[in-house]
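Just so we're clear, the structure is a prediction, and the values are computed from it rather than from any experiment. Chain A is the first sequence line, chain B the second, and so forth, proteins listed ahead of strands; every chain is numbered from 1.
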Number of protein chains: 2
Amino acid sequence: MATTEILTAERILVATEEVLRRHGPAKATVVDVARALGVSHGSVYRHFRTKAALREAVTKRWLDRTTQTLSAVVAQDHDPQARLREWLAALFTAKRRKAGGDPELFATYTVLAGESGEAVGEHIATLTGQLTEIVRSGVDSGVFAAADPAATALALFHATDRFHDPCHAREWERPGIEDEFEAVVDLVLRGLRAA
Amino acid sequence: MATTEILTAERILVATEEVLRRHGPAKATVVDVARALGVSHGSVYRHFRTKAALREAVTKRWLDRTTQTLSAVVAQDHDPQARLREWLAALFTAKRRKAGGDPELFATYTVLAGESGEAVGEHIATLTGQLTEIVRSGVDSGVFAAADPAATALALFHATDRFHDPCHAREWERPGIEDEFEAVVDLVLRGLRAA
DNA sequence: CAGCTGACAGATGTTGAAATCTGTCAGCTG
DNA sequence: CAGCTGACAGATTTCAACATCTGTCAGCTG
């Protein structure tokens with residue numbers, strides 16, 4: 001049965017996610033995770049050097065699920081303008097759903113972002129990489145003007161911070177936020193179009 | 001001498017600012033303020049109904065100093081493009097200087113912003129009002145295209161959130177932030193120009 | 001002997017009683 | 001009598017003793 005299986009990093013991550021969801025980032029302990037798995041907490045430390053490393057690994061898994069959803073948008077064969085718009089909307093929607101539907105895990109992610117953890121930095125790098133790809137394809141097909149697609153992608157990411165940075169999460173439930181999002185996206189897309 | 005003068009709201013605000021600077025928002029008490037003024041704390045409550053009202057009045061005074069600095073930029077007779085650029089740069093500079101030079105008062109402002117206090121809402125309304133004025137003058141002179149100057153001004157404000165919202169203050173000291181700011185401003189200014 | 005356990009030291013968190021603070025108000029004072 | 005005081009009730013914060021947690025490691029076990 002399950003509890004006699006070899007203890008793997010994956011099983012620990014699944015259990016940790018569950019413990020975080022139940023207890024929240026402030027009260028979830030390594031001892032709780034070990035108890036949930038029916039092992040001693042020393043065993044958990046065999047797979048993750050520190051509690052911070054465990055927390056970061058859980059966050060990485062969780063962030064990667066968003067990255068994968070968005071990569072599908074990058075691969076679509078709509079024109080770059082539409083893809084960019086859809087990508088930004090998908091990012092906003094994904095973050096908003098996580099903030100609303102998984103508040104405890106989202107709090108963990110927010111804490112980690114505040115500590116400028118490795119996983120969050122990588123996540124942002126991956127996202128801006130996807131954006132760069134869309135911008136570059138727009139430049140190639142002549143609909144976007146951008147001397148440095150990577151720098152422009154970063155500017156796009158920063159200009160839309162309000163709609164994906166966790167420190168703004170409280171505002172994502174306010175009425176009218178959709179219109180604000182559309183207004184900002186319209187503005188930056190106009191700034192991107194070839195003259 | 002000073003301590004025998006009539007106790008005015010202004011004197012209380014000055015003393016409160018000093019107490020906040022010294023103790024920070026978490027530890028500054030109304031009793032501290034009264035002690036600094038050599039009066040009983042009951043007297044302070046004669047001028048401000050609650051501690052929250054006092055804190056908000058201090059924040060308002062402090063925010064108004066920024067508003068006044070920026071209104072000078074609005075009144076300049078440069079072309080709208082230059083004025084908009086200067087206004088955004090002046091806002092970023094002002095916020096950054098406050099975050100770095102007055103960390104305790106800035107923390108108070110951040111706390112208040114989180115509680116969505118009246119004063120912060122008014123401050124933001126005033127700022128977007130100034131932005132609207134610049135956008136409108138650009139539309140009038142034909143250099144900007146904007147169907148709804150007020151909505152466009154709000155979009156500009158949101159697109160540059162990263163460079164004035166207190167929740168991003170930690171990032172304002174990072175190297176490269178100037179370039180990120182320039183990139184975002186370039187992007188939105190291009191989005192604003194008349195076709 | 002690879003994988004796990006459980007006891008341990010030092011760090012961190014919890015708890016509840018004591019101290020301080022907020023906000024009110026009857027009355028003092030110039 | 002306008003302006004201030006200081007005592008008070010209830011809410012909040014502090015502090016120190018106690019409990020739990022983190023991270024290590026010598027040794028057990030299959």
Is it true that Arg22(A) and Glu104(A) make a salt bridge, defined as a side-chain N closer than 4.0 Å to a carboxylate O?
no
Is it true that Phe181(B) and His158(A) have ring centroids separated by less than 6.0 Å?
no
Separation of dG3(D) atom P from Phe48(B) atom CZ, nearest Å, is 15 Å
For Arg83(A) and Ser137(A), does a side-chain donor sit closer than 3.5 Å to a side-chain acceptor?
yes
What is the distance from CZ of Arg11(A) to C1' of dG3(C), rounded to the nearest Å?
13 Å
What is the distance from CD1 of Ile6(A) to C1' of dA2(C), rounded to the nearest Å?
9 Å
Give a yes or no on whether the backbone of Leu189(A) and the side-chain of Gln81(A) come within a donor-acceptor separation of less than 3.5 Å.
no
Starting at CG of Leu37(A) and ending at P of dT5(C), how long is that distance when rounded to a whole Å?
10 Å
Can you tell me if Ser43(B) touches the phosphate of dC4(D), counting only side-chain N or O atoms and a distance under 4.0 Å to OP1 or OP2?
no
Can you tell me the distance, in whole Å, between the NE2 atom of His47(A) and the P atom of dA2(C)?
14 Å
Which of these, Trp87(B), Phe92(B), Phe157(B), sits in a ring pair (Phe, Tyr, Trp, His ring centres under 6.0 Å) with His164(B)?
Phe157(B)
Do nucleotides 14-22 of chain D as a string where each nucleotide becomes B, S or -: B if the base has a protein heavy atom under 4.0 Å, S if just the sugar-phosphate does, - if no protein is that close.
-------SB
On the ring face of Trp172(B), is Lys95(B) found with NZ or CZ under 6.0 Å from the centre and within 45° of the axis?
no
Mind pulling the stems DNA chain C is in, i.e. runs of at least three Watson-Crick or G-U pairs, everything under 3.5 Å?
C:1-30 with D:1-30
Criterion salt bridge (charged side-chain N to carboxylate O under 4.0 Å, His left out) on Glu182(B) and Arg85(B), from CA distance to verdict
CA-CA 9 Å; Glu182(B) 291 299 331; Arg85(B) 202 177 270 277; 3.6 Å; yes
What's the CZ-P distance between Arg46(A) and dT29(D), to the nearest Å?
16 Å
Does Arg174(B) pair with Glu180(B) as a salt bridge, N-O distance under 4.0 Å?
yes
